[in-house]
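Computed over heavy atoms, backbone and side chain alike; hydrogens, waters and symmetry mates excluded. Start at 1 and go down the list; that is how both ligands and their atoms are numbered.
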Amino acid sequence: MNTKQAKIEPFSEISGLQAALNMERVLAKKIGFIPTMGALHEGHIALVQRAIANGEEPVVSIFVNPKQFNNPEDLKKYPRTLENDCALLAQIGVKYVFAPTIDVIYPENFKPIHLDLGSLDKVMEAKFRPGHFDGVVTVVHRLFEIVQPNSAYFGRKDFQQVAVIKFLVKSFKLAIDLVVCDTLREKSGLAMSSRNMRLSEQEKVDALIIIKCLKKAKSDATNYNPIETVARLILNFEAERKTLLSTIELEYVEIIDPITLENLSEWVPGATCCIALYCGDVRLIDNYELIAYNL
Ligand code: AMP
């Protein structure tokens, strides 16, 4: 039973965290790990709640990983709200927050693992953010090594990241259950994201172009093949964009196989539409399953 606490002090050192988690293991507790970059919102909290619902002791890491940012400006502007994050986590009974500094995660003698991600590292996020997934794999493997969780919780919002982490776990034969949680959205439909804090009120409204396009793709999927559906989405996007006050730039839109992430010409179960765009100078991503997985 997780009880609410007024305050939690985050662990910044590996040894302190590991000693505390070993005590939990002695009490036969399973560890559910939720890696984050902080600036927590309800989407993150839902992952933590899922771990608690599964009877696991949640461990939340808060670390803005410089290795996964290909754009230094994006790294600089990434929101950092550690005190508020800890207060939110305390409210739901989290005892273990790991908020290390960069040199704790990457000490001088640190040797990153090497993992060839193959085609997963050629499309969508990988294409537009070179080196991003090398950074993700490096930090997640390092955090897994430190926390040694039974399960790890990830959001479907970062669809390609989930595919990459599944590949990491399989490749290194890690005994960690991956739990993938649905995307939490604002009432408006906008996917929750730490980056949303950087949107103006107008941009928050105009960013709904994403969800409008994804919904249109979902309804088109019954009448058109994936290639036609993407073409129609882009036409729709361009027409809609001209009516908006904010500057919106589409980076990519793809309809992909949920496992291989390859572009589809025919529908398959789990076919997913993934989109990335800039709303002002804030980069947003989202995705929608167009064809149900359990046909
Ligand atoms: P981040 O802090 O952005 O690295 O995200 C940490 C974890 O929270 C990742 O597994 C994300 O996929 C997940 N996440 C981010 N936004 C949402 C959301 N709106 N709904 C569910 N999970 C999310």
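- If you look at ligand 1, the protein residues with a non-hydrogen atom under 4.0 Å away are P35, T36, M37, H41, G43, H44, L47, Y78, F154, G155, K157, D158, Q161, D182, T183, L184, M192.
- A cation-pi contact, defined as under 6.0 Å to the ring centre and within 45° of the axis, links K67 to Y106.
- Pairs of residues two or more places apart, or lying in two chains, never qualify as ring pair (Phe, Tyr, Trp, His ring centres under 6.0 Å) while including a residue from residues 191-230.
- The ring-ring contact (aromatic ring centres under 6.0 Å, His included) check on H132 picks up nothing, with sequence neighbours excluded.
- At least one donor-acceptor pair closer than 3.5 Å links the side chain of S194 to the backbone N or O of G38.
- Here Y153 and F33 keep their ring centres 6.0 angstrom or further from each other.
- By the side chain to side chain donor-acceptor pair (under 3.5 Å) test, K204 pairs with no residue at all, sequence neighbours left out.
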